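Since we're looking at a predicted model, the values are computed, not measured. These numbers come from the heavy atoms of this one structure, side chains and all, not from hydrogens, waters or symmetry mates. To find a chain, count down the sequence lines: A is the first, B the second, and so on, and within it residues start at 1.
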There are 2 protein chains.
Amino acid sequence: MSPNVERRPPVMADVARLAGVSHQTVSRVLNDHPNVRAETRTRVLKAIDQLGYRRNLVARALVTKHSRTLGVVSFDTTLYGPASTVYGIEQAARDAGYFVSIVSLRTIDRAGVNDAIGYLAEQGVDGIVVVAPQRSAARALDDLPAGMPAVAVEGWHKGEVSVVSVDQVEGAKLATSHLLDLGHETVWHVSGPADWLEAEGRIEGWRAVLTAAGRPVPDVLTGDWSPRSGYRAGKELAAMAGDVTAVFVANDQMALGLLRAFTEEGVKVPEQISIVGFDDIPESEFFSPPLTTIRQDFGAVGRRSIEVLLRQIDSGEALPHERVVVPPQFVLRASTAVAAR
Amino acid sequence: MSPNVERRPPVMADVARLAGVSHQTVSRVLNDHPNVRAETRTRVLKAIDQLGYRRNLVARALVTKHSRTLGVVSFDTTLYGPASTVYGIEQAARDAGYFVSIVSLRTIDRAGVNDAIGYLAEQGVDGIVVVAPQRSAARALDDLPAGMPAVAVEGWHKGEVSVVSVDQVEGAKLATSHLLDLGHETVWHVSGPADWLEAEGRIEGWRAVLTAAGRPVPDVLTGDWSPRSGYRAGKELAAMAGDVTAVFVANDQMALGLLRAFTEEGVKVPEQISIVGFDDIPESEFFSPPLTTIRQDFGAVGRRSIEVLLRQIDSGEALPHERVVVPPQFVLRASTAVAAR
DNA sequence: ACTCGTGATGTTAGCGATAACAGAACCGGA
DNA sequence: TCCGGTTCTGTTATCGCTAACATCACGAGT
């Protein structure tokens with residue numbers, strides 16, 4: 001017999017009625033508008049509390065044109081890199097008072113990324129972060145909805161959008177130089193899949209160092225980031241044991257595969273072959289032997305990308321495109337040693 | 001000199017004007033309402049295409065009371081388990097035509113989870129998935145907004161909400177039984193942190209098997225899921241090498257730490273000590289030795305939780321609480337062997 | 001010829017908030 | 001005392017869409 005059998009959540013007007021003010025005053029209290037008498041404010045606050053009122057951000061977004069939601073398009077957030085990046089993005093966004101809506105693509109291609117961006121645009125996000133590590137995905141950024149603030153992460157892209165990424169080339173140089181400094185004649189490379197920009201950057205840095213030092217540049221072995229592909233590459237490399245003394249592997253998971261293959265083939269690391277990985281996943285320190293690697297600060301990448309994006313959103317117009325580069329860090333552990341003579 | 005210097009995105013009325021129909025007819029076309037003449041439909045579609053119109057889901061949500069967005073509250077989505085679960089949730093949600101808004105907590109406690117749920121509720125999500133592997137977080141589910149469809153994942157909870165999870169107890173039994181079957185006198189256990197429900201379930205299963213077999217139940221060593229904590233536990237265990245012949249470790253990352261510690265201490269796996277892990281992360285197969293472990297199908301957990309949640313949303317009312325259990329799977333590899341006599 | 005049902009379309013009224021403007025109360029200074 | 005300017009509060013319009021109802025044309029049934 002209660003007057004409201006229909007358990008409708010309270011709206012601003014209900015609060016206003018209970019507090020004996022207009023709904024606009026309630027709105028003012030909620031938005032910290034200065035011109036509200038302290039006594040009125042507390043009365044409103046009390047009413048809000050009493051009714052368990054929560055503001056409806058959908059209605060608010062409709063009139064303000066701002067949803068305080070950011071869209072993130074990513075690829076396979078199961079992988080350590082994307083997962084960490086997205087985590088960093090989400091943390092930074094929330095600290096800035098934004099929500100994050102995520103679309104995680106199974107396969108990545110221009111159409112898929114475009115669809116995702118379209119959905120997010122319909123949903124009214126204020127800006128979009130595209131974690132686009134692949135060339136095909138990066139291209140999708142060319143046809144963003146006009147005026148939509150956006151930033152690409154880990155996607156090298158010379159075009160119409162700001163980019164935040166770890167300096168892959170530099171990281172690869174660090175790894176390769178380290179190995180050369182240890183006295184190795186040359187360094188082999190197990191790379192990531194061809195379409196990935198990160199894979200390309202790492203090849204580039206590796207090749208640059210070898211070339212600059214006048215060393216022979218061995219053929220690249222190509223993996224797919226998985227430990228299994230590293231394992232296969234490891235078997236190949238083990239078969240050439242005499243020739244190969246140093247390998248730069250494009251990520252830590254593949255490096256684990258190499259380690260396993262070498263163990264099976266009786267190749268000792270680092271005595272016979274030195275290995276450097278890339279990423280510094282939490283496991284690397286406990287591989288056997290602990291892996292020398294290049295750390296990527298994914299958290300920083302996430303934070304910086306939100307900074308760039310919010311700057312665009314706040315300015316309200318198209319800013320010149322930024323290019324933020326996060327430096328990689330060399331981590332020395334036990335998988336590398338002076339070349340055997 | 002263009003008439004619309006102000007580049008406002010087109011709205012339904014613009015489309016209607018161009019197509020020479022009312023905005024309501026445009027709405028009908030967009031929502032696949034049957035009563036629209038084919039010729040009219042194509043005309044509208046053409047106008048939509050011509051203007052590059054996208055519907056405003058915020059306005060739609062305001063009137064329909066459905067945002068077609070689901071909220072996900074999780075903890076540290078950098079970890080393999082949560083990351084995979086969230087990925088599965090996102091995929092399943094999108095297949096069902098829902099967006100996913102994510103809040104990733106840094107530290108997990110009742111207040112934090114409550115805040116997150118509150119934010120999502122304001123944002124107008126149609127339902128909430130809480131990945132609540134800790135007791136403190138699971139309790140937050142008791143004060144969900146009334147009428148909000150919700151499901152807990154990996155959180156054992158006897159209360160007022162549906163739960164989807166992998167059968168931790170069963171997994172632990174599988175692991176422990178395997179070790180006993182191999183002839184080990186008893187099995188030691190390195191567990192996860194105390195507050196975690198999964199850690200508790202694994203202890204429970206392990207203890208149950210030992211007790212049922214009338215074996216001594218050693219003290220539990222407690223870790224924090226990290227490889228480093230496993231490493232520490234490994235050092236302790238290595239010091240008791242003679243007594244310890246089999247260890248069930250609560251996750252694969254800690255198992256890696258044990259492996260490393262044992263390698264350093266010259267303890268051979270599986271010759272001297274057998275190890276079983278939990279999770280089956282992609283790396284486990286390439287540990288040295290490859291790790292025998294218990295696989296959790298996180299993708300299935302994500303899918304099932306969305307099924308349960310959508311069922312609640314679609315029914316429009318409070319359904320009886322479900323308890324969905326996803327079976328774990330035993331994966332035999334090379335880190336376990338028959339007990340030395 | 002006159003209903004009546006049905007399909008196709010248009011008109012109107014909100015959804016729940018904020019923006020913009022309007023009005024009331026109160027202040028100090030001439 | 002009166003006036004102009006702050007402060008505080010209320011009223012109205014609006015965001016872009018869908019729901020509900022109204023309207024109109026048309027063909028079938030009597």
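In this structure, a donor-acceptor pair under 3.5 Å is absent between the side chains of A:Thr69 and A:Gln123. When only modelled atom types and interatomic distance are considered, B:Ser104 and B:Thr77 share a side-chain donor-acceptor pair under 3.5 Å.
A close approach under 4.0 Å does occur between a side-chain nitrogen or oxygen of A:Arg37 and OP1 or OP2 of D:dT9. At the phosphate of C:dA19, neither OP1 nor OP2 sits under 4.0 Å from any side-chain N or O atom of A:Thr64. Proximity of A:Tyr53 to the phosphate of C:dA17: a side-chain N or O atom is located under 4.0 Å from OP1 or OP2. Dashed line: the shortest gap from a side-chain N or O of A:Thr40 to OP1 or OP2 of D:dT9 is under 4.0 Å. For the OP1/OP2 pair of D:dT18 and a distance below 4.0 Å, the side-chain nitrogens and oxygens of B:Asn31 include at least one atom meeting the criterion. Contact annotation: B:Lys65 side-chain N/O to D:dT18 OP1/OP2 distance is not under 4.0 Å. An OP1 or OP2 oxygen of C:dT18 is reached within less than 4.0 angstrom by a side-chain nitrogen or oxygen of A:Ser27. Dashed line: the shortest gap from a side-chain N or O of A:Asn56 to OP1 or OP2 of C:dC15 is not under 4.0 Å.
Using a 4.0 Å cut-off between a side-chain N of Lys or Arg and a carboxylate O of Asp or Glu, B:Arg110 and B:Asp115 do not qualify as a salt bridge. Ionic pairing of A:Lys65 and A:Asp126 is not present here: no N-O contact between side-chain nitrogen and carboxylate oxygen is shorter than 4.0 angstrom.
Between the CD atom of A:Glu90 and the CG atom of A:Leu70 there is a distance of 10.5 Å, given to the nearest 0.5 Å.
Taking A:Arg303 as the reference, nothing meets the salt bridge (Lys or Arg N to Asp or Glu O under 4.0 Å) condition, with sequence neighbours excluded.
Which of D:dG10, C:dC15, D:dT18 sits closest to the side chain of B:Arg60 comes down to D:dT18. Closest to the B:Leu62 side chain, of the nucleotides C:dC15, C:dT11, D:dT9, is C:dC15. Here the side chain of A:Asn35 is nearest to one of D:dT9, D:dG16, C:dG10, namely D:dT9.
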Take A:Leu57 and A:Ser67 through the side-chain contact (heavy atoms from CB on, under 4.5 Å) test and state the conclusion after the steps. CA-CA 7 Å; A:Leu57 292 184; A:Ser67 59; over 6 Å; no
Between A:Asp49 and A:Lys46, does a salt bridge (Lys or Arg N to Asp or Glu O under 4.0 Å) hold up when you go through it step by step? CA-CA 5 Å; A:Asp49 191 60; A:Lys46 211 181 105 195; over 6 Å; no
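Rounded to an integer number of Å, the gap from NE2 of B:His66 to C1' of C:dC15 is 13 Å. The separation between A:Gln24 atom CD and C:dC21 atom P is 13 Å, rounded to whole Å. Atom CZ of A:Arg41 is separated from atom P of D:dT7 by 14 Å (rounded to the nearest Å). Rounded to whole Å, atom P of C:dG10 lies 13 Å from atom CE of B:Met12. Atom CG of B:Leu57 is separated from atom P of D:dC17 by 9 Å (rounded to the nearest Å). Note: CD1 (B:Ile48) to C1' (D:dG16) measures 14 Å, nearest angstrom. Rounded to whole Å, atom C1' of C:dC21 lies 13 Å from atom NE2 of A:His33. Rounding to whole angstrom units, CD of residue B:Gln123 and P of C:dG16 are separated by 17 Å.
Among the atoms of the strands shown, none is found under 4.0 Å from any heavy atom of B:Val58. Residue contacts shown for B:Arg28 include a base, since a base heavy atom lies under 4.0 Å away.
Residue A:Val36 is the one, among A:Val36 and A:His23, whose nearest nucleotide of DNA chain D lies closer to the 5' end (criterion: closest heavy atom).
Terminal axes of the helix from C:dA1-D:dT30 to C:dA30-D:dT1 (five pairs each, C1' rotation axis) are separated by 50°, to the nearest 10°.
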